[in-house]
Amino acid sequence: MAAGAGRLMFEGFMVNAWEVSGIVAVVAGVVGFFTVLRGSVFAAHAIPNGSFAGAAGAGLVGVSTIFGLGVAAFVGALGIGLLGRRGRHDAVTALMLVMMLATGALFVSLGNQYEPAVYALLFGEVLGVSDNQLWPTLVLGLVCVAAIAALYRPLMLSSALPEVGEARGIGAFRIELAFLGVLALATAMTVPVVGTLLIFSLMIGAPAAARSLTDRPGVAMALSVVLALVVVWSAIAASYETDWPVGFFVGTGSAAVFVAARLWQAGRERFARRRRPRGRQPEGLGSVA
Amino acid sequence: MSLGFFVFAPGFWDNEAVHVALAVGTAVAIVAGVVGVFTVMRGQSFAGESLGDIGTTGGSAAALVGAGPLAGFVAVDVLAAAAMELVGVQRVRGRDLATGIVLGAAIGLAAFFLYLDSTQGSGNGSTVTILFGSIFAISSATIPAVVGLAALAVTMIVVLYRPLLLATVSPEMAAARGIPVRLVGALYLLALALATALAAITIGTILSTALLIGPAAAALRLTRRPLRAMLGATAIGIGAVWLGILLAYDSYHWPPHEHGWPVSFFVVALVFLGYLASGLVEWRRERGA
Amino acid sequence: MNEAVLSVEGLGVRIAGRQVLDGIDFAIAPGQFTGLIGSNGAGKTTLFRAILGLQPATDGRILVDGRPRTRRTDSIGYVPQKFLLDPDLPLRGRDLVGLGLDARKLGFAVNRRRKRELVEEMLAAVGAEAFADTRVGRLSGGEQQRILIAHALISGPRLLLADEPLANLDLRSAQEVVALLARVCRERGVAVLISAHEINALLPVMDRIVYLAHGRAAGGTSEEVIRPDVLSRLYGHHVDVIDVHGRVLIVAGAGDDEDLHGCEETVEHALPGEVAP
């Protein structure tokens with residue numbers, strides 16, 4: 001049975017699942033890296049969840065789900081960015097989020113949408129990805145990665161030292177808006193695949209684990225992508241074998257990776273402290289990635 | 001025909017479901033107002049939002065074993081609050097991340113329970129009910145439990161009021177005065193878990209933050225004094241819940257015909273409007289000053 | 001006047017109806033080490049923000065290298081007053097210094113040898129080689145200052161602004177940072193404008209002083225300003241200037257505002273930080 005399952009796992013609709021989830025994991029790893037660095041965890045939770053309204057509304061008026069998701073994600077990102085300029089940032093994010101969710105609830109109720117459709121939006125249906133979802137996902141994924149690559153250095157400085165960035169002409173507010181925009185784009189492409197609630201797990205679990213494992217920014221970003229891929233692909237394999245929802249494995253897997261990385265870091269630090277009291281030797285001529 | 005006929009659709013005052021909804025809604029609005037002011041002041045909106053979402057896990061697990069949703073919400077939220085305390089929500093830095101990791105794992109579990117609900121046939125419509133609430137479906141037998149838990153949460157805040165306030169404003173000063181800051185924070189988190197669970201049965205798990213954060217954030221813009229803010233938040237919350245129930249009852253006669261709009265939508269929308277209005281008041285006052 | 005690296009002419013800044021700065025005039029010549037002294041709330045940070053172009057001026061103008069300043073400039077390096085570096089940030093000291101060179105450029109950094117050499121040279125100049133490979137968030141306050149100074153200087157600015165760089169340092173680290181700034185900037189011909197409410201640490205290296213009080217500024221050489229009458233007027237509190245073993249120390253007397261000139265009370269405490277023996 002195991003052999004048969006192993007063969008089928010890489011055939012038919014499963015091929016789409018592997019490919020699309022791979023793209024999603026790369027985007028989550030790259031965008032999530034800065035999400036965690038900038039402490040935008042709450043926004044990364046709110047924007048995908050809020051975009052639920054767009055998807056439900058799209059179902060009501062009969063336009064494509066991904067279009068509705070995209071519009072709602074950008075509206076949410078803009079709202080969080082603008083309202084957060086003055087006032088309490090986290091309270092604004094929370095209010096924006098529940099307002100959009102409530103609108104989604106209204107659309108679901110008015111449209112008499114089926115429960116499985118709601119479930120799929122919230123928790124994803126990566127095993128049901130169709131051929132014509134592949135290309136849009138790939139294109140949007142490339143745009144996301146390219147945007148982060150382009151903004152890499154200004155984003156890095158602005159995340160580490162916002163005042164210094166400002167002084168050098170990197171406006172913190174503009175950077176924040178640009179980043180939220182990328183987050184919205186990543187949301188629009190990933191939600192149909194892994195669902196609003198789980199893209200969040202992927203976006204913070206793997207990157208938070210990665211930054212515990214290395215001091216180098218470039219390496220941390222690469223690790224973040226690798227860990228996200230490991231989590232997603234093993235979740236799909238486990239889901240295929242057990243028939244349990246992918247989201248279950250993604251959510252718990254992300255948390256497990258994070259906890260493991262933290263334990264490893266704690267152990268390494270304890271070990272390093274015993275070996276050398278302070279100040280480690282250079283690890284060779286560093287790359288400034 | 002009197003004006004009353006237009007405002008209150010026939011049968012509003014005689015309907016038992018409405019009575020229960022008004023009673024539960026009032027109790028919940030009081031708790032949410034009292035607890036919410038501290039949530040906003042302590043910058044723990046994300047924790048409140050996450051506890052709400054995590055309630056989904058409890059609701060779906062309760063549906064699986066045939067228990068009432070309130071028991072599930074309370075049990076899981078209290079457990080999650082303890083988990084957050086253990087991973088380190090008491091430190092400001094990395095707090096959102098700790099919250100997010102717990103949230104991600106819990107949502108994964110929720111996906112699993114909801115999946116089991118649907119495959120075992122016991123959960124007809126439970127996903128939507130748990131997530132978005134259905135205040136008209138609460139049985140009058142639940143009222144004692146709701147009132148009891150609400151009284152417990154409010155009592156905790158009243159007893160802890162002064163140490164909690166000092167620990168919120170300046171943890172260092174509180175510690176210097178011999179206040180066990182971490183214990184106070186943990187007890188507060190417990191009260192937050194109770195408030196969130198109560199809000200969840202009113203307007204659903206993923207919308208529960210609205211009642212917790214919205215009225216409190218609006219009231220804190222209108223007054224700087226915490227006690228007045230609590231009263232204000234309670235008033236705004238009760239207003240939003242009552243008006244929301246009324247509008248939802250009336251909406252049965254709105255298009256699309258014979259299909260009521262969800263209560264949760266109205267409550268959240270009213271809370272959101274209240275927050276925006278408070279911003280307007282604050283803005284005018286600042287300009288005038 | 002055209003020679004000045006920075007000239008501030010009749011600068012006025014009004015924030016929310018309050019005149020924070022009013023008629024500020026001063027200029028800094030190339031390579032000069034200027035201390036910006038004033039009590040808390042005198043407008044030091046606002047003046048820095050105006051020079052950096054982050055705070056629009058209501059009156060007057062600011063010239064950098066004889067030209068009106070633009071936002072995107074590499075001719076000013078900046079070390080902010082308060083900064084908080086996350087210890088979980090996967091960013092080493094050398095990475096942050098490297099960002100000083102090219103943070104505005106888009107795209108990933110190509111690991112060019114020229115850049116690597118510049119970073120090494122800058123790290124050596126501030127004496128930060130030993131901890132260049134540790135996460136910046138894990139470094140001590142003094143170590144972080146060194147990295148930030150390297151970050152600010154690597155792009156080859158003609159003027160360095162340092163906002164209260166000594167505020168959170170112990171006396172020894174403060175002296176080290178001041179000595180470092182003076183040395184590195186003299187070597188590279190960079191003018192320095194450093195703000196402090198603590199004047200003693202700067203006394204050995206300062207060429208000129210600009211002092212701010214109640215939104216107005218006055219300037220001069222150290223000899224012109226470090227005098228009891230001038231300083232007492234600046235702080236609104238009696239101040240003595242005393243000479244200890246060849247070092248000049250500024251010490252607050254116990255006088256009230258009223259009897260600025262009749263001070264014979266004993267010296268009670270150093271102004272405003274303590275002075276080490």
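No hydrogens, no waters, no symmetry mates; every other heavy atom, side chains included, goes into these values. Within every chain, numbering begins at 1; the chains are lettered A, B, ... in the order of the sequence lines, protein sequences first and strands thereafter.
In terms of heavy-atom pairs under 4.5 angstrom with chain B, the leader among A:Ala46, A:Gly39, A:Pro245 is A:Pro245. Of all the listed residues (B:Ser45, B:Gly43, B:Ala110), the one sharing the greatest number of non-hydrogen pairs under 4.5 Å with chain A is B:Ser45. The choice from A:Leu106, A:Thr252, A:Val41 that makes the most heavy-atom pairs within less than 4.5 Å of chain B is A:Leu106.
Heavy atoms of B:Val267 lying under 4.5 Å from chain A are absent altogether. No part of A:Val246 comes within reach of chain B, as not one of its non-hydrogen atoms sits under 4.5 angstrom from that chain. Heavy atoms closer than 4.5 Å to chain B are found nowhere in A:Ser254, neither backbone nor side chain. When heavy atoms are compared at a cutoff of 4.5 Å, A:Leu97 approaches chain B solely by way of its side chain, counted from C-beta outward.
Here the side chain of A:Ser224 pairs no donor or acceptor atom with the backbone of A:Phe33 at under 3.5 angstrom. Of the possible donor and acceptor atoms, none in the side chain of A:Ser158 sits under 3.5 Å from a partner among the backbone N and O of A:Leu155. In terms of modelled atom types and a separation under 3.5 Å, the side chain of B:Thr223 and the main chain of B:Leu220 share no donor-acceptor contact.
Classification of the B:Phe266-B:Trp261 ring pair by plane angle, with boundaries at 30° and 60°, yields parallel. Aromatic ring orientation, A:Phe249 versus A:Trp244: parallel (interplanar angle below 30°, classes split at 30° and 60°).
No side-chain N or O of B:Ser60 forms a donor-acceptor pair with one of B:Tyr115 less than 3.5 Å apart.
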